[in-house]
Amino acid sequence: MLISVRNLSKAFGTRTLFSGVSINLDERERLALIGPNGSGKSTLLKIIGDAETSDLGDVETRKGLRIAYVAQQDDFNPDQKCLDILVEAALAAHVPTIHDEHEAMVEAQMLLERVGLDNMAETEAGVLSGGQRKRLAVARELIKEPDVLLLDEPTNHLDVEGIEWLEQMLTSAQFGSVIVTHDRSFLERCATRIVELSKAYPKGTFSVKGNYSEFLRRKQEFLDGQAKAEQSLANQVREDLRWLGRGAQARRTKSKSRIGASYERMDELALLRDRNVAQGAAEIDWSASGRLTHKLIVARAITKTLGTRRLFTDVDIVISPGMCLGLLGPNGSGKSTFINVITGALQPDPPTVEALQAAAEAVDVPPGTPEPGTIRLAENLKVVFFSQVRDELDLSLTLKEGLSPQMDSVVYQGRSLHITTWARKFLFTAEQLKQPLRALSGGERARVHIARLMLETADVLVLDEPTNDLDIPSLEVLEESIEEFPGAVILVTHDRAMLAGLATHILALDGKGGSRMHTDYDQWSASQKVQKASPQKGLSLIHI
């Protein structure tokens, strides 16, 4: 055993995150920590990593244990070079195998290559993409040669290739790890044990050895049993109430022990009901305009270059209602730029010579087809953006002001809803409405963002990394709402399960100016395997 967490409790103000939590971590175990937004997963991870204190309980570790922690958000000095960041981390950690700055520099250079940051030793952190920063953050902790690696939402900002790299690194590593994640494919492929932190369970956690499929099976068995226990106990309580409801003369002859047992059953029933209700998920349902236009966006041979770098070349695409276009590609390949171009926020480049030649030779071109290098949007097209940045929220506002800035109600799909009813759809209580937004977890803020966007009518939903920070029940509801949305959806996500379940088309950008359309995620995945099977330079695994 590497770490033993015993009877931990933590509260912020009057809000209890968790209580009585106990978890163990064994050698080389990959423990995934999941749970509803706001259940305290990140806080628990910080307590294990000694970056936060608990109110009660303790954390025992093996003597001399080296623990490294990768936070959700990195704290790099933007002017510091990648190599210097790793060297500084190695020297500060007093790694036993590194004795001086020269050895630290050699190790740092090797590690940068292993994490896929080739030729970036002299690059400043401030110019890295989100995915590159995440790799650097992982490398900064790996150079400390940890016995345990703690990772908080490590797949955020990584592209699919980056996530697969992370999976390979963890599954081949000699250290143990505790990972907070909502990535279901990652859980399936990487976890050796899953612990859910939730008030739905008697001890605050539910632990299952195995991957995500095994966890779901065992969890359903437990919840079914708990529901049956509630029904059985409810029947007993009804009998107790009838017995206790007899006249005053009968009450004097009743056994005090039986009366006490009756009230204990009532308390137990109340606890069971609270636990069974705790398995909720946000109600997500986008407002569609009902537009009947068949072609919402038509782009013909569009090309875009930023600086001297070509992002994509001669892309043809038609966006129609009912279509879900998944965008894939390495970090920095131009996915966000492509969205901005086809929605009219950025102008495409002039048409290429090849596009003009192809247009001149084309026959039977449908009427209304735009000229090469141009885009046609349906009249008064309504596009709603769900941004991965999500910096529109003023964190000094209360939750009530964030959900409905000017009044005590909202108008949703033609109906007026009181703010408490609207808040409840997103799993917020009336008591939370007075809390400032900065007191909410990342997932809770994401739900506020979704709530605001749902009040807008859309022809096209643009969802840029919508899964970041959302818990698994909310992810599943989000998937259902996207599937039922009658308009078009443009989806940028690293969540492979979501892409496989929803995308009707996949446009893959290669990061070198090329692109290719695929019918679905499975076809794209198969093409990737064929490419990887051919001899080429790839990322090496990290063996520690």
Hey, mind stepping through E124 and K81 against salt bridge (Lys or Arg N to Asp or Glu O under 4.0 Å) and telling me if it holds?
CA-CA 4 Å; E124 295 175 345; K81 297 176 181 178; over 6 Å; no

Could you please spell out the steps behind the side chain to side chain contact (heavy atoms under 4.5 Å, CB included) verdict for L463 and V492?
CA-CA 6 Å; L463 305 175; V492 180; over 6 Å; no

Take T337 and L346 through the side chain to side chain contact (heavy atoms under 4.5 Å, CB included) test and state the conclusion after the steps.
CA-CA 8 Å; T337 301; L346 278 178; 4.0 Å; yes

Could you walk me through whether L112 and C82 satisfy the side chain to side chain contact (heavy atoms under 4.5 Å, CB included) test, starting with their C-alpha distance in whole Å, then the side-chain angles of each, then the deciding distance to 0.1 Å, before giving a yes or no?
CA-CA 8 Å; L112 284 172; C82 294; 4.2 Å; yes

Side chain to side chain contact (heavy atoms under 4.5 Å, CB included) for L403 and V448? Distances and angles first, verdict last.
CA-CA 6 Å; L403 291 172; V448 174; 4.3 Å; yes

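Looking only at distances, a side-chain donor or acceptor of T504 sits under 3.5 Å from a matching main-chain atom of C324. Without hydrogens or angle criteria, R452 side chain to G402 main chain gives a donor-acceptor distance under 3.5 Å. Using a distance-only test at 3.5 Å, with no hydrogens or angles considered, a donor-acceptor pair links the side chain of S129 to the main chain of Q132. At least one donor-acceptor pair under 3.5 Å links the side chain of T313 to the backbone N or O of G513. A donor-acceptor pair is defined here as one N or O able to donate and one able to accept, closer than 3.5 Å; such a pair exists between the side chain of D459 and the backbone of K382. With hydrogens and angles disregarded, a donor-acceptor distance shorter than 3.5 Å links the side chain of N211 to the backbone of E214. The backbone N or O of D314 lies less than 3.5 Å from a partner atom in the side chain of T303, making a donor-acceptor pair. In terms of modelled atom types and a separation under 3.5 Å, the side chain of R309 and the main chain of G511 share a donor-acceptor contact. Listed for the K41 side chain is no donor-acceptor partner under 3.5 Å among the backbone atoms of E196. In terms of modelled atom types and a separation under 3.5 Å, the side chain of R30 and the main chain of I179 share no donor-acceptor contact.
For the atom pair CG (L111) and CZ (R135), the distance works out to 12.0 Å, reported to the nearest 0.5 Å. Rounding to the nearest 0.5 angstrom, the gap separating the CZ atom in F175 from the CG atom in L142 is 5.0 Å. Once rounded to the nearest 0.5 Å, the distance linking OG of S207 with CD1 of I23 reads 7.5 Å. For the atom pair I302 CD1 and D349 CG, the distance stands at 10.0 Å (nearest 0.5 Å). Rounding to the nearest 0.5 angstrom, the gap separating the OG atom in S39 from the CG atom in L44 is 9.0 Å. Separating the CG atom in L509 from the CG atom in L507 is a distance of 5.0 Å, to the nearest 0.5 Å.
What you find for P351 and L356 is that their closest heavy atoms are CG-CD2, 3.7 Å. For the pair P146 and A68, the tightest heavy-atom approach, listed with the atom from each and the gap, is CB-CB, 3.7 Å. Across every non-hydrogen atom of L311 and G332, the tightest pair is CD2-O, 4.1 Å. For D159 against P330, the heavy-atom pair with the smallest separation is OD2-CA, 2.9 Å. Closest heavy-atom contact between I48 and I67: O-CD1, 3.9 Å. In terms of heavy atoms, A301 sits closest to D316 at N-OD1, 2.6 Å.
At a threshold of 4.0 Å, the pair D495-R184 counts as salt-bridged, since one of the basic side-chain nitrogens sits closer than that to a carboxylate oxygen. Under 4.0 Å is where a charged nitrogen must lie from a carboxylate oxygen, and between E52 and K10 at least one such pair does. Ionic pairing of R300 and E371 is not present here: no N-O contact between side-chain nitrogen and carboxylate oxygen is shorter than 4.0 angstrom. Under a 4.0 Å N-O distance rule, the pair R496/E188 does not qualify as a salt bridge. Comment: R62 engages E27 in a salt bridge, judged by a side-chain N to carboxylate O separation of less than 4.0 angstrom.
Side-chain atoms of E122 and L83, non-hydrogen and from C-beta on, do get closer than 4.5 Å to each other. Considering only heavy atoms from C-beta on, I342 comes within 4.5 Å of I490 through its side chain. The closest side-chain heavy-atom distance from T181 to L187 is below 4.5 Å. When side chains are defined from C-beta on, L158 does not count as touching F186, because their heavy atoms never get closer than 4.5 Å. In this structure, the side chains of Q80 and E88 come closer than 4.5 Å at one or more pairs of heavy atoms. Counting heavy atoms from C-beta on, the side chains of I194 and I34 come closer than 4.5 Å. A 4.5 Å side-chain heavy-atom check between Q174 and R28 finds at least one atom pair inside the cut-off. Within the 4.5 Å cutoff, no side-chain heavy atoms of L17 are placed close to those of L197.
Exactly one residue among K134, R133, R140 makes a salt bridge (Lys or Arg N to Asp or Glu O under 4.0 Å) with D74. That residue is R133.
Within a 6.0 Å sphere centred on CG of D26, heavy atoms belonging to other residues, nucleotides or ligands number more than 12. Atom CG of D79 has more than 12 heavy atoms from other residues, nucleotides or ligands within 6.0 Å. Around atom CD of Q347, no more than 12 heavy atoms belonging to other residues, nucleotides or ligands sit under 6.0 Å away. Few gaps surround CD on Q523; more than 12 heavy atoms of other groups in view lie less than 6.0 Å from it.
R447 and N37 are linked by a side-chain donor-acceptor pair at a separation below 3.5 angstrom, with hydrogens and angles left out of the test. Defined by atom type and a distance below 3.5 Å, a donor-acceptor pair is present between the side-chain atoms of D471 and S474. For E161 and Q528, the side-chain atoms include no donor-acceptor pair closer than 3.5 Å.
The aromatic rings of W524 and Y521 sit tilted, their planes meeting at an angle between 30° and 60°.
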